[in-house]
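Just below is one structure, and these are the notes that go with it.
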Amino acid sequence: MCKPSEKLLKFNSDQIKAVNLAAAMAEELVSNFYKMSASQWLHRRYDIKTLSDLSASEIVDGPFAQIIRYEGHHKDRTLGSAAYDLYKICLQDHAVMASLELNPDLQLFPFILYIVTHELIHVVRFSKFIQYFDAAPEERMTEEKRVHAKTHEILKSVNVPGLEPVLAFYGEWRIPYDGLGNP
């Protein structure tokens, strides 16, 4: 948990537009990568929020984003069996902006494109039961490396100005980790 959001640096309206464009592009890229139709993609239950829309418990110090799993319920169904997982991607504006300040070669749009693509891959993997959401810490680190490798695989051929420095920024996460060199 972090400080109250009103004291932290938030995206301005132009930056929110860039975030929305990056999120839309990330959704399309991840959907295409996992060969999911529009109906399958919409079936995945997630939301992307920036600092302005986060509660105090959803704000963290350090990471650029976090995923929180909530239990959703349909309005017209009261049975517990009708519950579903709702994943909330909580972008941490203050952490993103601080990193952009420290790394002048990074630009907001490609940086957010990477971050949201990465988080959407997690959502797909959780939703398809490829990865357990409540994994042990050691498995979480291995999963992070897997997801960074998939993020790089998806984005490496995308023609977006400023993406190369972002891919380089995350390069250390793609170091092989299973003894065979395979993510």
Margin query: Listing request: all side-chain hydrogen bond (donor to acceptor under 3.5 Å, both in side chains) pairs with a residue in residues 95-105, at least two apart in sequence or in separate chains.
Written below: Ser99-Asn103
Check: Between atom CD of Glu27 and atom CE of Met36, what is the distance when rounded to the nearest 0.5 Å?
Finding: 10.5 Å
Margin query: Among residues at least two apart in sequence or on other chains, which ones pass ring-ring contact (aromatic ring centres under 6.0 Å, His included) with Phe64?
Written below: Phe111
Margin query: Rounded to the nearest 0.5 Å, what separates atom CG in Leu51 from atom CG in Asp53?
Written below: 9.0 Å
Note to self: Is any side-chain heavy atom of Gln92 closer than 4.5 Å to one of Thr50?
What the structure shows: no
Notebook entry, point to check: Counting only heavy atoms not in Glu164, do more than 12 sit closer than 6.0 Å to its CD atom?
Noted result: no
Checklist line | For Gly162 against Val166, the heavy-atom pair lying closest together | finding: O-CG2, 3.6 Å
Next item on the list: Applying side chain to side chain donor-acceptor pair (under 3.5 Å), name anything that partners Lys88, two or more places apart in sequence or on another chain.
Entry: Glu58
Margin query: If I compare all heavy atoms of Val160 with all of Pro110, which pair ends up nearest, and what's the gap?
Written below: CG1-CB, 4.3 Å
Check: Side chains of Phe11 and Met97: closer than 4.5 Å at any heavy-atom pair?
Finding: yes
Item checked: Ile68 to Cys90 - nearest heavy-atom pair and separation -> CD1-SG, 3.9 Å
Notebook entry, point to check: Which one of His152, His148, Glu119 satisfies the side-chain hydrogen bond (donor to acceptor under 3.5 Å, both in side chains) criterion with Tyr114?
Noted result: His148
Next item on the list: Please report the shortest heavy-atom distance between Pro63 and Ala95, naming the atom on each side.
Entry: O-CB, 3.4 Å
Next item on the list: Look up atom CD1 in Ile67 and atom CG in Asp47, then write down how far apart they are to the nearest 0.5 Å.
Entry: 12.0 Å
Next item on the list: With rounding to the nearest 0.5 Å, note down the distance linking CG in Leu163 to CZ in Phe169.
Entry: 13.5 Å
Margin query: As a quick check of understanding, evaluate side-chain contact (heavy atoms from CB on, under 4.5 Å) for Lys49 and Ile89, giving each step before the final call.
Written below: CA-CA 6 Å; Lys49 296 294 182 183; Ile89 298 171; over 6 Å; no
Margin query: Using 0.5 Å steps for rounding, measure from the CD1 atom of Ile59 to the NE2 atom of His94.
Written below: 7.0 Å
Notebook entry, point to check: Any donor and acceptor pair, going by atom type alone, linking the side chain of Gln15 with main-chain N or O of Asn12 inside 3.5 Å?
Noted result: yes
Next item on the list: Kindly indicate whether the side chain of Tyr34, heavy atoms from C-beta on, has any atom under 4.5 Å from the side chain of Ile121.
Entry: yes
Item checked: Contact check, side chains of Leu21 and Ile112, non-hydrogen atoms, under 4.5 Å -> no
Next item on the list: Only one of Val158, Thr151, Leu120 passes side chain to side chain contact (heavy atoms under 4.5 Å, CB included) with Leu29; say which it is.
Entry: Val158
Note to self: Using every non-hydrogen atom in the two residues, find where Ile48 and Ala23 come nearest and quote the distance to one decimal.
What the structure shows: CD1-CB, 3.9 Å
Notebook entry, point to check: Going from CE on Met25 to OG1 on Thr117, what distance comes out if it is rounded to the nearest 0.5 angstrom?
Noted result: 8.0 Å
Notebook entry, point to check: Testing Arg69, His122, Arg45 for side chain to side chain contact (heavy atoms under 4.5 Å, CB included) with Tyr87, which one passes?
Noted result: Arg69
Checklist line | Verdict with reasoning, Val30 to Val116, per side-chain contact (heavy atoms from CB on, under 4.5 Å) | finding: CA-CA 10 Å; Val30 172; Val116 174; over 6 Å; no
Item checked: Asn20 side chain reached by Lys17 side chain, heavy atoms, under 4.5 Å -> no
